[in-house]
Participant: 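Next up is a structure, given as structure tokens.
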Amino acid sequence: MSDSAGVIVCRDVTKTYKNGSLEVQALRGVSFTIAAGEYVAIMGPSGSGKSTMMNLLGCLDRPTSGTYLLDGIDVGTLDDNALAAIRLRKLGFVFQGFNLLARTSALKNVALPLFYAGVPGPKRLAEAERRLTEVGLGDRAEHKPNELSGGQQQRVAIARALVNDPAVLLADEPTGNLDSQTSEEIMTLFARVNAGGRTIIMVTHDLEVARNAKRIIRMKDGVIVADEATLAVY
Amino acid sequence: MIGQIGQFFSEAFAVLYGNRIRSLLTILGLIIGVAAVIAIQILGHGMSGAVGGILGSLNDKSFFLFPNARQSDVTKSFIKIRDIEAVKLAVPNILSAVPAGSVQRRISVGHAHARLALSADSDVTFAAVPLIYGRNISKDDVATSAHVAVINDNAYHRLFPAGGDPTGTSIRVAERRFVVIGVQGKPTQGIIPVSFGGDVLIPYTTYEHEYLRSRPLFAARFVVADATRMADTESAVLDYFRKSKGGRVDYQTFDRKSFATSVDGIFGVLTLIVALIGAISLLVAGIGIMNIMLVSVTERTREIGVRKAIGATNFQVLAQFFVEALLLSLIGCGIGLAIGLTAGWAVNRFALVAISGIVAPIPWLQSVAIAVGFATLVTLLFGTYPAFRASRLDPIEALRYE
């Protein structure tokens with residue numbers, strides 16, 4: 001496939017962190033393309049650069065050199081506000097620790113991105129409720145995060161990530177805090193979301209989890225060492 | 001955007017309510033500071049109202065004489081009726097000398113009644129207020145100890161709520177009846193429309209007969225013919241009294257000019273103190289709020305990271321924390337305003353009014369303006385930095401924060 005067809009296009013991306021006089025090269029030239037609708041797992045040991053990759057893909061940071069195009073937009077040239085807008089409209093985040101706002105109902109957690117997008121109140125809540133129902137938590141809308149199980153919290157987080165209809169769903173160890181059965185439920189949900197046409201990029205160190213993706217990018221020492229389609233074992 | 005502001009406020013309220021004990025402790029300084037400033041401000045208003053009322057009804061040809069309080073036996077210096085009769089003859093430039101002070105009586109006309117102050121006056125009135133109806137006390141009234149009365153604006157409105165010319169009407173003072181001969185208009189000077197020491201003026205001869213009998217006076221009121229010789233007349237009167245009492249007593253006088261000067265001095269100091277209290281409480285309360293907001297930002301670093309990852313702009317994060325500080329300040333100043341108004345009103349009502357008989361209007365607008373001003377200033381000075389710090393947090397670092 002050509003570069004322009006990819007929802008995510010990285011060309012020779014490097015990232016160098018400066019800590020005083022010490023320079024750490026976290027990414028040493030990474031190039032890949034992810035097409036719309038793909039389901040990709042990024043794997044690698046700690047220090048491989050996968051977290052840095054995730055931060056760059058998530059527009060939380062800018063590459064030191066190289067180009068990163070998200071949905072055709074060159075992220076490296078954008079200012080903080082424009083990056084925030086990209087995160088709001090084009091990306092949905094799912095974290096290992098769920099990261100829901102405590103003391104805030106599931107419904108309002110899901111509605112939060114809509115608030116930042118300036119959607120008016122009633123429409124916001126209706127949309128959030130629809131998303132919650134999609135992840136099977138329509139009856140838990142008014143529950144606070146501490147009244148929900150880990151799996152339920154992660155599903156609320158997924159609903160929140162999808163509520164602005166992002167181009168890409170980014171997941172950082174989404175099952176890291178969950179038991180195996182709940183992990184499987186979440187992976188089933190991811191498969192369903194991907195089947196609906198949504199691009200998913202997931203960072204994990206767990207091969208079992210990574211196998212749920214259709215493609216695995218392996219990283220080590222800041223470079224890609226393998227990029228291959230997953231052999232369907234299920 | 002309007003909807004967003006509302007949402008910021010409701011979210012901020014939820015956060016503050018969730019931490020309500022901490023929120024309350026945070027704004028305690030602000031509550032106390034604002035309450036103190038507003039109460040003192042109302043008190044100052046009430047006092048200047050009382051003084052303004054006194055000054056407003058005292059013309060520049062009048063002065064008072066009273067015993068100096070700093071002497072061993074003040075009772076020896078009490079002024080007798082015959083003393084003021086004698087001084088009129090002995091000292092030139094005196095047109096009138098009458099007992100000062102007043103008595104409180106329940107006065108009624110038909111169904112209307114009020115508790116008002118009666119004072120003595122002569123045919124040469126000390127009042128600075130022109131009449132709107134009738135006439136002043138005449139020589140004849142004085143000579144015959146007539147039961148006639150000139151009422152002031154306050155008495156007029158309370159006894160004759162229907163208005164109209166009341167001259168010739170009888171008013172009942174206990175078992176006595178007085179005929180209204182004149183009505184004073186609103187004072188043109190002074191803030192409060194009252195006469196010094198009296199709502200109802202009666203001839204001093206009548207006053208002596210009815211209310212003093214042979215009891216000594218504490219103070220006397222003089223009217224001079226030539227206001228430019230006021231100071232000379234005052235010292236002549238002082239001399240006369242010292243000599244007549246054998247030099248063992250001391251007196252003092254005051255007139256409009258010297259009174260106004262000393263009152264201005266007192267209020268200058270009071271204003272300075274209020275301003276100082278305001279500044280200090282503002283500083284202390286503001287530091288408290290900034291401290292808690294900084295703690296709150298640190299505690300919620302991860303939350304800030306999440307919000308930014310979700311797509312909140314720096315400005316939206318800034319607005320969230322700024323609104324929280326603003327809401328804290330507004331609530332603190334609002335409670336302070338309520339307490340200050342209540343305290344100021346109560347002190348005015350039960351202390352100042354009891355002393356002076358003057359009800360000063362509460363300066364609502366000024367009080368609300370002070371409270372809102374404080375809230376805005378505290379928020380801008382001390383809420384901006386924590387909010388700015390929150391908005392500048394790096395999302396990656398913030399998300400990693402445990």
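We name chains A, B, ... by the order of the sequence lines, and we start the count at 1 in each one.
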Participant: What are the sub-3.5 Å donor-acceptor pairs between chain B and chain A, distances to 0.1 Å?
Facilitator:
unit_1, atom_1, unit_2, atom_2, d
Gln4(B), NE2, Phe115(A), O, 2.5
Gln7(B), OE1, Arg124(A), NH2, 2.8
Arg302(B), NE, Asn99(A), OD1, 2.8
Arg302(B), NH2, Asn99(A), OD1, 3.3
Arg307(B), NH1, Tyr116(A), OH, 2.7
Lys308(B), O, Arg87(A), NE, 2.8
Lys308(B), O, Arg87(A), NH2, 3.2
Gln316(B), NE2, Tyr116(A), O, 3.1

Participant: Any side chain to side chain donor-acceptor pair (under 3.5 Å) pairs touching residues 362-373 of chain B, not counting sequence neighbours?
Facilitator: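 Every pair satisfying side chain to side chain donor-acceptor pair (under 3.5 Å) with a residue in residues 362-373 of chain B: Gln41(B)-Gln366(B), Gln41(B)-Ser367(B).
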Participant: Hey, which of Gly305(B), Pro395(B), Ala312(B) has the most heavy atom pairs under 4.5 Å with chain A?
Facilitator: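 Counting heavy-atom pairs under 4.5 Å, the top option is Ala312(B).
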Participant: Could you have a look at Gly58(A), Ala84(A), Ala102(A) and say which one has the most heavy-atom pairs with chain B under 4.5 angstrom?
Facilitator: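 Result: the option with the highest number of such pairs is Ala84(A).
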Participant: Name the region of Pro120(A), side chain, backbone, both or neither, that has any atom closer than 4.5 Å to a heavy atom of chain B.
Facilitator: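 It is neither, since no heavy atom gets under 4.5 Å.
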Participant: I need the minimum non-hydrogen distance between Ala309(B) and Leu60(A), along with the two atoms involved.
Facilitator: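 That closest heavy-atom pairing would be CA-CD2, 4.0 Å.
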